[in-house]
Amino acid sequence: MTAQATPNTAPRYAVVGKFPPSEKAFQELSQYLEEVGLNPTEGVFTGAVKCRTWDATPTRTVIKACAPYLQQELSLLPDTVRYVLVMGNEALQATLGKSGITKYRSKEYEIAGTGTVERDGKVIHSQPLIAVPTLAHNAVKRNPGQYSGFMADLKFFAAKVNGKDGAAVVKPPKRIRYVLDKDTLRALKAALENADVVSYDIESASDHPGFLEKDPSSKIVSIAFTLVSKDRKLSCWALPLFHPESPWRSNWERILEFIRRVFCRIRVSIAHNGKFDNRWLRQWGVNRYLTFDTMLAAHLLEENRRKSLKELAHMELGVPNWAIETKELLKTPIMEVLEYNGLDTWYTYHLYRLFRRQLKEQPALDRIFNRFYMPSANEFTGIERRGVWTDRERLVERHKEAVRQLAEVDAKIMEYVPEGHGLKEVNFNPSNFLRWLLFDHLGLPVIRRGKEKDDGRPGDPSVAEGVMMELAEHHPIAQLLLDRVKWNKYCSSFFAAYLELIDDDDRIHTTFKLHGTTTGRLSSGKENDGEKISAKKQVRGVNLQQVPRDKFIRGLFGAQPGWYFVEFDYSQIELRVAAFLANEPTMKYLYQTGQDIHMTMAMQMTGKPAHLVTKEERKKAKSVNFGFLYGMQWMKYIDTAWNNYGLRVTDDEAKAFRKAFFAQFPELLVWHRRQRAMVAKYGRVQSPLGRVRHLPDIYSPDREVKAEAERQAINSPVQSFASDMILISLVILHQKFREMGLQARSIGTVHDALNMEVPAPEMGVVLPMVKEVMENLPLEEWFDLHVDIPIVADCKVGHRWGDAIELEGHQIANWDPKILEAAS
DNA sequence: GTCAACAGCGCG
DNA sequence: AAAGCGCGCTGTTGAC
């Protein structure tokens, strides 16, 4: 059962991998374990799969078949073993019956069926084992980027085995003051008044999970504070509000009002994902500026890590999970809720101390954090609450139209479905029915297959767009299916979400994550994927960064009567940034003389002169430029040309085209080499503003993994800088709008674009100001960075997003509403 | 019924 | 032999 000699002392822990470890694997594992202070001779090593077969990737069935043997084996371990290190997904399935190691890792779970075992009336094993899942060490070897998290898991496991749970770096507060009577309430107010620093957190509840604070059923259940007084004393407080057992339940809004002013005046305010708390607090009139978000700091310092408060406290402070089981806060005893709420603020405060120090050690990151990251986070509190005005009438109308179109296409496709086909329901989505219809019934050729099955069977035939385009040459049904995809997507993905999420003020809200991407771009979608919302209820979200460009959809969004929808986007920003970073003379020349590189490519590809190139064709050329810019090879280019242009390109043509691209911009290749050297040397790259992308996978022995990291090293600084420019614009403009007493305001960003709504009378002032700000960011002043490429912001104005028209420079400088009328 | 993986497609 | 980057949402399937 074990690969090494039987330990001569009683075992103290067990380790389960995919297979019982080989001699080599055992040696490697031993090193890791010794590093975290565990003696390998005190461990029992085994595997999920007993029968090592020819098949290197055991199927679920095999694992399932082996699981009882493993459980029995574990149950028979002596009571000196309490903890089991579970390494990899197969071991996870065998011990806990769960799949998804990245989700389950770093925590502890009881292993079912490993309780008391008696033999001959004698108890030989008396308690259930505890599993601590982590990654398979082979996976870590292949992806060195996983190393630090893996070691943190091992440390956590070692602390459990060695019974050093109490050895957390940060201890819980000696006392949490529960504000349950008037005297304590007054004491809290005095403490807030006397505080220099506050870490805060709210607990909230709503009948509609995922809904905004604006929902009538939404309430603040409790609020907690960790305070640092002016004489540097720490205290932790928890104040119940709407909780059923709260003494303040009936007048909780007044209690909040009672402490509002003193709370808002505190100099330093800290929260974890404070944008959420601030949105809710603002709903009840509490307008608290957030000065330090620990989640955002965590992201800026290490963009690859997990960012939940519990996980950070675990990894950084050694604090065991304090979460309460249920998410039904109103049904949880009040003292449990309050303790939980208080601890949240306590550990948030301690993370703040750590991250603030780490940021100070990296001045470039600290500058980013303070200059525009925190300010923009505060701005997004307002943006999310505001939402985007939506034309309800059009929404309803066009939804009907989309449903009608879908039904029409469906009817046409139906003509190819034989009567009594004997299969289950007709389903034109990518389903087994569709595959049967196309490939079995109609006998169309299988162009491509999906991923191979676990047990080695070939993957299902692909029915993706590119495949359909090829099939269109064989059979008319393929074109119908291509048409259907669009209407189906519109109905199910877009209209369904918009109709559900439009609020009583005709506005649609999204949540922006400022920690959503590794490069610093924002992501947009539903409030929370798991932590605060029960998984049982379906929560719909909407991503306002992926609204189809089709007027049919973009025409739904806009500005309320009397206002204009205004979009400013950075023209070809990533290409300009790349030209700057590569110091590419030809590209620089083209931009300095006001030319358009995407258009040049479009002309080459279509063979048309500039005035005949359509917008769509230029857009497609863009994807080719970006492809080559970021390391696309000729093989993929053949696909791209076919999918985007319906253009058949031979191998030689593709190779020649790629060569021509780099011959035109030779410095790009030098820059690529430079980025590869940089990431190889430091394991990370930096954007011109100093945002860091850690790429430990560069050290992978796997060539593919390594090459991926190299391409990321090329792309990251570009994408990073471009998206930070939008955040900086947002922050400066917000400041200006306020200073000038304007009502104009941002309603969202789309990576390189800023969307605003502007009252009609303010247009003349706002348009030229936005252009001026966006094209002349204070990069020299703020970051000591000189950019020698012209930066251009294009402007579109309309009553609706989809109907907005592009303005010329002089039209921006001299706004005249007649421009729109003339255009329509 | 729930969960996880995958395919497919929307955006930049 | 083969390799653009960065995301989020919906729907299907197979396993439990």
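Bear in mind the structure is a predicted one, so any value in this text is a computation, not a measurement. The sequence lines fix the lettering, A, B, ..., with proteins before strands; numbering per chain opens at 1.
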Side chains of residues 717-724 of chain A: which donor-acceptor pairs under 3.5 Å do they make with residues two or more places apart or in other chains?
| residue | atom | partner | partner atom | Å |
| --- | --- | --- | --- | --- |
| A/Q719 | OE1 | A/T519 | OG1 | 2.7 |
| A/S720 | OG | A/T519 | O | 2.5 |
| A/S723 | OG | A/Q719 | O | 2.9 |
| A/S723 | OG | A/S720 | O | 3.1 |
| A/D724 | OD1 | A/R691 | NE | 3.2 |
| A/D724 | OD1 | A/R691 | NH2 | 2.9 |
| A/D724 | OD2 | A/R691 | NE | 3.0 |

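- If you check B/dC9, C/dG14, B/dC11 against the side chain of A/R554, the one that comes closest is B/dC11.
- In terms of the ring pair (Phe, Tyr, Trp, His ring centres under 6.0 Å) criterion, A/H751 has no residue partners (sequence neighbours excluded).
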Nucleotide-level pairing of DNA chain C, given in dot-bracket where Watson-Crick and G-U pairs need both distances under 3.5 Å and | marks other strands: ....||||||||||||
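- The nucleotide whose nearest atom lies closest to any side-chain atom of A/T519 is, among C/dA2, C/dG6, C/dG4, C/dG6.
- Closest contact between the side chain of A/K489 and the listed nucleotides B/dG12, C/dC7, C/dG8 involves C/dG8.
- Within the nucleic acid shown, A/S524 comes within 4.0 Å of sugar-phosphate atoms alone, with no base atom in reach, counting heavy atoms only.
- Distance CG (A/L522) to P (B/dC11): 19 Å, rounded to an integer number of Å.
- Side-chain polar atoms of A/K307 and A/H515 form no donor-acceptor pair below 3.5 angstrom.
- Residue A/S492 places no side-chain N or O under 4.0 Å from the OP1 or OP2 atom of B/dC9.
- Residue A/F721 contributes atom CZ, which lies 18 Å from atom C1' of C/dC5 at whole-angstrom precision.
- At the phosphate of B/dA4, OP1 or OP2 sits under 4.0 Å from a side-chain N or O atom of A/Y104.
- In this model, the phosphate group of C/dG6 is not approached by any side-chain N or O of A/S716 to a distance below 4.0 Å at OP1 or OP2.
- Residues A/W671 and A/E584 bring no donor and acceptor atom of their side chains to less than 3.5 Å of each other.
- B/dC3 atom P lies 15 Å from atom CG of A/L92, rounded to whole Å.
- Nucleic acid contact class of A/V547 (heavy atoms, under 4.0 Å, all strands): sugar-phosphate only.
- Side-chain nitrogen and oxygen atoms of A/N429 include none within less than 4.0 Å of the OP1 or OP2 phosphate oxygen of B/dG8.
- Contact between the side-chain N/O atoms of A/N427 and the OP1/OP2 oxygens of C/dT12 is found at a separation under 4.0 Å.
- Not less than 6.0 angstrom separates the ring centroid of A/F565 from the ring centroid of A/F557.
- Close to C/dA3, at under 4.0 Å from its OP1 or OP2, lies no side-chain N or O of A/K636.
- Relative ring orientation between A/F428 and A/F433 is described as tilted, the plane-to-plane angle lying within the 30° to 60° band.
- For A/Q712 and C/dC5, a side-chain-to-base donor-acceptor distance below 3.5 Å is absent, hydrogens and geometry of angles not being considered.
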message: Run A/R554 and A/K551 through side chain to side chain contact (heavy atoms under 4.5 Å, CB included) and show every step you take.
response: CA-CA 5 Å; A/R554 282 209 178 171; A/K551 282 186 178 189; 5.9 Å; no
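- Within the structure, side chain to side chain donor-acceptor pair (under 3.5 Å) pairs that include any residue of residues 622-632 of chain A comprise A/E574-A/Y630, A/H598-A/N625, A/S623-A/N644 (at least two apart or interchain).
- If you check every strand for non-hydrogen atoms under 4.0 Å, A/E708 touches sugar and phosphate atoms only.
- Comparing C/dT13, B/dG10, C/dC5 by their closest approach to the side chain of A/P548 singles out B/dG10.
- Ring pair A/F661/A/F665: centre-to-centre distance below 6.0 Å.
- Both A/G631 and A/G525 lie close to DNA chain C; mapped to their nearest nucleotides by heavy-atom distance, the more 5′-ward contact belongs to A/G631.
- Side-chain atoms of A/T517 lie closest to C/dC7 of the nucleotides B/dC11, C/dG8, C/dC7.
- Closest to the side chain of A/Q546, out of C/dG6, B/dC11, C/dG14, is B/dC11.
- Of the listed nucleotides (B/dG10, C/dT13, C/dG6), C/dG6 has the atom at the smallest distance from the side chain of A/H751.
- Residue-level contact check: A/R549 touches the backbone only, with heavy atoms under 4.0 Å from sugar-phosphate atoms and none from bases.
- Partners of A/Y699 according to the side-chain contact (heavy atoms from CB on, under 4.5 Å) rule, which considers only residues two or more places apart in sequence or in another chain, are A/P144.
- The stretch residues 459-469 of chain A does not touch DNA chain C, since none of its heavy atoms comes less than 4.0 Å from the strand.
- Checked against C/dT12, C/dC9, B/dG12, the side chain of A/Q719 finds its nearest nucleotide in B/dG12.
- At the heavy-atom level, A/S723 lies nowhere under 4.0 Å from the strands shown.
- Distance from the side chain of A/R521 is smallest for C/dG6 among the nucleotides B/dG10, C/dA3, C/dG6.
- Across all strands shown, A/R693 has heavy atoms under 4.0 Å from sugar-phosphate atoms exclusively, and none from any base.
- Side-chain polar atoms of A/R484 and A/N429 form a donor-acceptor pair below 3.5 angstrom.
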